[in-house]
Amino acid sequence: MRPLAHLWDLLRSLKVETGYLIEIETAVPIRVSSFGNVSWNGELWADRMLAVSGMSRNDSAPYAPSASISLLDSDYSVTASMLRDGIVGCKVRVWRVVAHDLNAATPVLCMEAFADAMSNSKGTVKLTVVPDDGAHLMAPRERISSQDYPYLIAPGSVVKFGNGQITLMGTRL
């Protein structure tokens with residue numbers, strides 16, 4: 001009976017943790033870790049209490065229609081950054097790490113997504129993300145206007161080339 005007790009103690013001592021590294025590409029990227037303050041992939045990842053839910057991956061449906069990321073933000077720095085830079089349409093990457101320690105493991109990219117909505121309640125930011133697979137992108141992520149592209153030629157303009165000319169016509173959507 002003693003060898004089984006020894007094996008049980010050994011198994012209990014092997015504590016394997018699952019953690020996440022999350023990168024949100026705002027103007028100043030937000031990089032958070034559930035492993036404490038770490039340096040990985042040449043970047044510094046700040047310690048935040050975080051939770052990821054709704055994320056699934058299998059052969060029939062590569063990603064869930066949406067996932068949620070909750071971050072503890074007691075100093076409101078993440079909220080301020082997201083509100084300042086605008087969060088909708090920002091790229092979000094989630095890496096999963098299963099190990100005793102981040103240095104001994106290789107994080108696995110488990111989701112690339114776009115931020116779709118954000119809420120803040122009592123110091124916790126909840127971010128809803130949709131997969132970066134094109135199927136869930138229902139609206140443009142950027143608005144384009146003539147002020148953004150002053151070199152666009154207006155409808156009705158005449159473009160001359162060689163001995164010919166073309167009159168540009170507007171289209172109705």
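Ion pairing between Arg31 and Asp47 fails under the 4.0 Å rule for side-chain N and carboxylate O. The residues Arg93 and Glu25 are annotated as salt-bridged, a charged nitrogen and a carboxylate oxygen being separated by less than 4.0 angstrom.
Heavy-atom neighbours of Lys91 NZ from other residues, nucleotides or ligands within 6.0 Å: above the threshold of 12.
A donor-acceptor pair under 3.5 Å links the side-chain atoms of Asp73 to the main chain of Val78, judged by distance alone.
Residue Ser68 comes nearest to Lys126 through the heavy atom pair OG-CE, 3.5 Å, listed as atom of the first residue, atom of the second, then distance.
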Extract all donor-acceptor atom pairs below 3.5 Å that involve side chains of residues 154-164 and protein atoms in other chains or at least two apart in sequence.
residue	atom	partner	partner atom	Å
Ser157	OG	Ala154	O	2.7

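Atom CG in Leu127 sits 9.0 Å away from atom OG in Ser70 (nearest 0.5 Å). The SG atom of Cys90 sits 8.5 Å away from the CD1 atom of Ile24 when rounded to the nearest 0.5 Å. Rounded to the nearest 0.5 angstrom, Thr26 OG1 and Ile87 CD1 are separated by 6.5 Å. Within the model, atoms CD1 of Ile30 and CG of Asp85 stand 7.5 Å from one another, a figure rounded to the nearest 0.5 Å.
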Yes or no on salt bridge (charged side-chain N to carboxylate O under 4.0 Å, His left out) for Asp75 and Arg48, after CA distance, side-chain angles and deciding distance? CA-CA 11 Å; Asp75 63 354; Arg48 293 278 175 175; 3.5 Å; yes
Is there a side-chain contact (heavy atoms from CB on, under 4.5 Å) between Asp116 and Val129 once you walk through the steps? CA-CA 5 Å; Asp116 195 46; Val129 296; over 6 Å; no
side-chain contact (heavy atoms from CB on, under 4.5 Å) between Met49 and Ser34, worked out: CA-CA 6 Å; Met49 289 191 65; Ser34 62; over 6 Å; no
Trace of the side-chain contact (heavy atoms from CB on, under 4.5 Å) decision for Val108 with Thr106: CA-CA 6 Å; Val108 176; Thr106 302; 5.6 Å; no
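Hydrophobic clustering (ILVMFWY, side-chain heavy atoms < 4.5 Å, transitive): Val32 and Leu83 are in one cluster. Under the 4.5 Å side-chain heavy-atom criterion for ILVMFWY residues, a single connected hydrophobic cluster contains both Val38 and Leu109.
Contacts classified as ring-ring contact (aromatic ring centres under 6.0 Å, His included) and involving residues 69-96 (residues at least two apart or in different chains) are given here: Trp40-Trp95, Trp45-Trp95.
In summary, the side chains of Asn120 and Thr79 do present a donor paired with an acceptor at a separation below 3.5 Å, with no hydrogens or angles considered.
Side-chain contact between Tyr20 and Leu50 is present, with heavy atoms from C-beta onward closer than 4.5 Å. Between Val92 and Ile22 the shortest side-chain heavy-atom distance falls below 4.5 Å.
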